[in-house]
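Notes to accompany the following structure.
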Amino acid sequence: MTGAALPREFYARPTVDVARDLLGMQLIHRVDGTVRRGRIVEVEAYVGAHDLASHSSRGVTPRTSVMYGPPGHAYVYLIYGMHHCVNVVTEPAGHGAAVLLRALEPLDSLAGNTRGPGLLCRTMGITLARNGIDLTGDVLFITLPPEAERFEIVQSARVGVAYAGDWADAPLRFSIAGNPYVSRASGSRR
DNA sequence: TGCCGGATCCTG
DNA sequence: AGGATCCGGCAA
């Protein structure tokens, strides 16, 4: 069984709060009659149009329109011409903020690596076909874990945003301390 | 219309 | 360390 999808109010909050609260939650994708499920262990917050590392910093464009839409929807994009990344839109519509899901601990029906945003999408089967989908539905959604868990949260700089000026070093990456499925931010970049 | 570069990953 | 691979965004 799967629990109920988190309600829209969960997403309509400050992005950093949503990011931290997503750790330990379960991401679920129904596809081809199976339920793929993983535990969220690493995320990054992209806090709004003023965040130079965020796609929304370019304003409302065809690509970023979902980010500027209502909270609780998935923003999926193609990166490097071959990988997908999935975000959850946060804050009230018009804000342009989202949380990038970077790594999962595999739970059900996950055959493959989920350690990194591109791998997470590949193994969960998330593609551009899911861009804009409502996360309060029953296809792609997030639930509370069956029982509460305790863990420490590690906070660090986001990966791959060295170009973002003053925002490059903002500590907006959050992960579960000691979890083996957290991605290795290969070379903190420069 | 053309070009530049990226919220990545794999191989050597 | 370098290549794959393509589209969005901006300059011209």
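Heavy-atom basis, side chains included; hydrogens, waters and symmetry copies ignored. Only a predicted model underlies this, so the values are computations on that prediction, with no experimental measurement involved. Chain naming here is simple, since letters A, B, ... match the order of the sequence lines and numbering starts at 1 in each.
- If you take CG of A/Leu100 and C1' of B/dA7, they are 6 Å apart, rounded to a whole angstrom.
- From A/Arg102, atom CZ reaches atom CG of A/Asn87 across 11.0 Å, with rounding to the nearest 0.5 Å.
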Which is it for A/Asn113 and A/Leu120 under the side-chain contact (heavy atoms from CB on, under 4.5 Å) test, yes or no, and what are the steps along the way?
-> CA-CA 7 Å; A/Asn113 201 332; A/Leu120 180 159; over 6 Å; no

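- Put simply, A/Tyr80 does not rest on the base of C/dA4: the two rings are not both less than 5.5 Å apart at their centres and under 30° in tilt.
- Defined by atom type and a distance below 3.5 Å, a donor-acceptor pair is present between the side-chain atoms of A/Thr61 and A/Thr64.
- Side-chain N/O atoms of A/Arg102 include one lying less than 4.0 angstrom from OP1 or OP2 on B/dT8.
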Dot-bracket notation for DNA chain B, counting Watson-Crick and G-U pairs under 3.5 Å, with | for partners on another strand | ||||||.||||.

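- Electrostatic pairing of A/Glu149 and A/Arg39 counts as a salt bridge here, judged by a charged N lying under 4.0 Å from a carboxylate O.
- The nearest whole Å value for the distance from the CD atom in A/Glu42 to the C1' atom in B/dA7 is 11 Å.
- Separating the CD1 atom in A/Ile28 from the CZ atom in A/Arg36 is a distance of 13.5 Å, to the nearest 0.5 Å.
- Atom OH in A/Tyr46 sits roughly 11 Å away from atom C1' in B/dG6 (whole-Å rounding).
- Spacing between atom OH of A/Tyr77 and atom P of B/dA7 amounts to 6 Å, rounded to whole angstrom units.
- In this structure, the side chain of A/Ser183 does not engage the main chain of A/Gly116 through any donor-acceptor pair within 3.5 Å.
- Interatomic distance, A/Leu119 CG to A/Tyr181 OH, rounded to the nearest 0.5 Å: 13.5 Å.
- Atoms NE2 (A/His83) and P (C/dG3) sit 16 Å apart, rounded to a whole Å.
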Can you pull every protein N or O that's under 3.5 Å from an N or O on nucleotides 8-12 of chain C?
unit_1	atom_1	unit_2	atom_2	d
C/dG9	OP1	A/Thr61	OG1	2.3
C/dG9	OP2	A/Thr61	OG1	3.0

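- Atom CE in A/Met82 sits about 10 Å away from atom C1' in B/dC10, given to the nearest Å.
- If you measure from atom CZ of A/Arg115 to atom P of B/dT8, you get 15 Å, rounded to the nearest angstrom.
- Here A/Gly81 lies in heavy-atom contact (under 4.0 Å) with a base.
- The gap from the P atom of C/dT5 to that of B/dG2 amounts to 22 Å, rounded to the nearest Å.
- Remark: C1' of B/dA7 and CZ of A/Arg184 are 17 Å apart, rounded to the nearest angstrom.
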Could you give the side-chain donor-acceptor pairs of residues 69-79 of chain A under 3.5 Å, partners two or more places apart or in another chain?
unit_1	atom_1	unit_2	atom_2	d
A/His73	ND1	A/Gly132	O	3.0
A/Tyr75	OH	A/His55	ND1	2.7

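- A/His29 contributes no side-chain N or O that, together with a main-chain N or O of A/Phe141, makes up a donor-acceptor pair within less than 3.5 Å.
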